[in-house]
Amino acid sequence: MEREIDLHICGGIVLPMVEDGEWFRADLLVDQGRIVEIVRGGSTNPVAARRTLDAGEAAVLPGFVQCHVHVVQSLLRHQADGLELLPWLRAAVWPYEAALDGDGVEAAAELGIAELLCGGTTTALDFGTCRHHERVFAAAERLGIRLVSGKTHMDTGEGVPAALLEDTDRSLADAAALGDRWHGAAAGRLRYAVAPRFTLSCSEALLAGCVELARSRGWLLQSHANENVDEVAAIRAATGSSNLEYLHRVGLTGPDVVLAHGVHLEAQEVALLARSRTTICHCPGANLKLGSGIADVPGLQRAGVPVVLGADGAPCNNRLSIFHEMTLAATLHSLRHGPAAMPATRVLAMATRDGAAALRLGHEIGTLEPGKAADVTVVDLRGWSLQPDGHPAARIVHGATAGDVRHVVVGGRLVVVDRRLETADGGELRERIRSAWEATAARMRQSP
Ligand SMILES: [Zn+2]
């Protein structure tokens with residue numbers, strides 16, 4: 001190669017995650033933010049590159065895509081254990097979100113994003129709180145993650161603190177202004193997704209307004225649905241129909257909609273999801289911790305429902321590791337469907353290619369192919385639980401953890417090198433996180 005390129009990822013086992021599922025030794029050449037060449041067998045000629053990342057004894061994958069996280073909840077990690085969904089929201093999460101100021105939102109977002117990036121997640125679909133959401137985008141812009149995110153909407157509901165109860169029109173106007181400011185920012189790395197929280201905290205007018213706003217701008221829609229039995233029963237009592245029938249009636253289904261959970265679904269609801277091509281984001285870690293139940297992922301996939309993965313929030317998991325979610329997704333469904341139900345290659349596709357498709361970013365990310373954005377995760381294969389050999393997908397899904405991630409590249413930018421976050425000072429960030437949590441906790445103690 002005559003011209004010097006930006007980055008040479010050298011000597012790894014490459015899993016491109018294209019449909020054929022093959023893997024091979026190769027070098028990855030990156031220039032101007034994009035993959036320019038995948039050199040099978042490794043480059044024989046010396047490569048002139050400004051930076052070289054060693055991927056020897058490592059797997060080179062498309063950056064992981066999580067389709068449901070709440071980075072803004074990260075300060076509440078380990079503070080909301082032992083509760084079911086509705087008490088967890090009313091007694092812990094909502095009072096916490098009500099107490100967050102702008103600095104708290106930004107510190108929480110930085111913590112969540114740092115954890116995601118260092119764990120190999122390069123893209124996330126993220127749910128904000130009601131206020132200060134511009135601070136989430138500011139943190140994402142600085143730290144380098146690819147984030148599809150939106151402020152949440154709540155204008156009704158039992159137990160919602162006054163500080164989070166919004167005027168319906170004001171709430172929609174805030175989202176419109178945020179999306180107009182941030183959708184497409186940072187060279188397209190940041191995108192807006194309209195985020196009505198869930199049926200119980202949104203009036204029908206608010207849900208319909210969210211749908212109208214998103215479709216008028218071409219933004220994605222995200223919400224929570226059918227996570228918990230009490231939630232599903234309360235929705236039936238309030239609306240007279242199943243949650244999915246209700247959401248479908250207000251327009252909150254379709255190929256531009258990602259619904260987190262889908263644990264408790266009636267047969268007609270599954271058919272409706274499949275017919276409308278609505279994506280379900282499976283969050284097994286959160287569903288287990290809150291005791292919500294186990295989504296029937298093999299059943300959903302057989303019915304034709306797109307299913308992707310996400311860690312949800314730090315207070316209900318308590319980590320934001322795609323590896324934890326992949327291991328659970330690959331093992332949990334053996335209970336009902338037998339141990340062959342979720343092969344490692346299928347689970348790995350859910351965490352990469354399928355996630356990208358759900359976010360309508362499949363043309364940009366989700367696989368390693370020349371021309372695509374250089375979102376790359378390099379996973380060290382030297383850990384003891386990864387020995388001796390085997391299919392790399394099985395090693396990653398069943399054996400690896402977030403701690404095995406060695407390098408992470410987003411849009412050609414080196415955000416993690418040799419396990420170190422390059423885009424923030426770790427010591428300063430820890431201090432900001434600690435003081436933001438102390439200030440937030442003090443405000444929570446003061447509130448009625
Ligand atoms: Zn959630």
Side-chain angles (χ1 to χ4, degrees), residues 65-77 79-81 83-97 100 105 108-109 111-113 115-116 121 124-130 133 136 147-154 157 159-160 164 193-202 207 210 220-228 230-232 235 243 247 252 257-265 278-295 307-322 324-325 328-329 355 358-359:
V65 180
Q66 294 202 42
C67 291
H68 185 63
V69 300
H70 302 244
V71 294
V72 80
Q73 291 180 357
S74 300
L75 298 181
L76 198 66
R77 195 198 310 271
Q79 307 290 340
D81 300 341
L83 295 166
E84 273 196 41
L85 176 67
L86 297 178
W88 176 85
L89 284 168
R90 289 166 185 157
V93 171
W94 288 342
Y96 159 78
E97 288 190 13
L100 281 174
V105 165
L111 170 56
I113 291 166
E115 183 186 2
L116 288 168
T121 293
L125 178 59
D126 170 68
F127 229 95
T129 183
C130 296
H133 197 68
V136 173
L147 201 69
V148 186
S149 180
K151 78 175 276 326
T152 197
H153 299 268
M154 295 201 276
V160 179
L164 297 181
V194 181
R197 189 148 208 150
F198 72 147
T199 302
L200 293 179
S201 70
C202 299
L207 290 175
C210 285
L220 215 61
L221 281 154
Q222 58 172 337
S223 193
H224 299 89
N226 301 56
E227 177 175 0
N228 171 286
D230 295 337
E231 168 216 352
V232 166
I235 291 167
N243 191 27
L247 292 176
L252 208 68
V257 179
V258 178
L259 298 175
H261 305 301
V263 175
H264 302 282
L265 291 163
T278 307
T279 296
I280 287 291
C281 185
H282 182 37
C283 304
N287 295 156
L288 286 174
K289 181 156 183 279
L290 300 190
S292 298
I294 300 174
V307 184
V308 293
L309 290 175
D312 208 345
C316 65
N317 192 304
N318 295 356
R319 68 193 86 187
L320 304 181
S321 163
I322 191 65
H324 183 56
E325 304 309 310
L328 288 173
L359 304 186

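Whatever order the structure lists ligands and atoms in, that order sets their numbers, starting from 1. Since we're looking at a predicted model, the values are computed, not measured.
The OD1 atom of D312 and the NE2 atom of H224 subtend an angle of 180° at the Zn ion (ligand 1), given to the nearest 10 degrees.
In summary, H70 places an N/O/S atom under 2.8 Å from the Zn ion (ligand 1), meeting the contact criterion. Residue side and main chain included, H68 places an N/O/S atom under 2.8 Å of the Zn ion (ligand 1).
The main-chain N or O of A311 is found under 3.5 Å from a side-chain atom of N317 such that the two form a donor-acceptor pair. Between the side chain of S223 and the backbone N or O of P196 there is at least one donor-acceptor pair closer than 3.5 Å.
Atom CZ of R319 is surrounded by 12 or fewer heavy atoms from other residues, nucleotides or ligands within 6.0 Å.
For N318 and D81, the side-chain atoms include at least one donor-acceptor pair closer than 3.5 Å.
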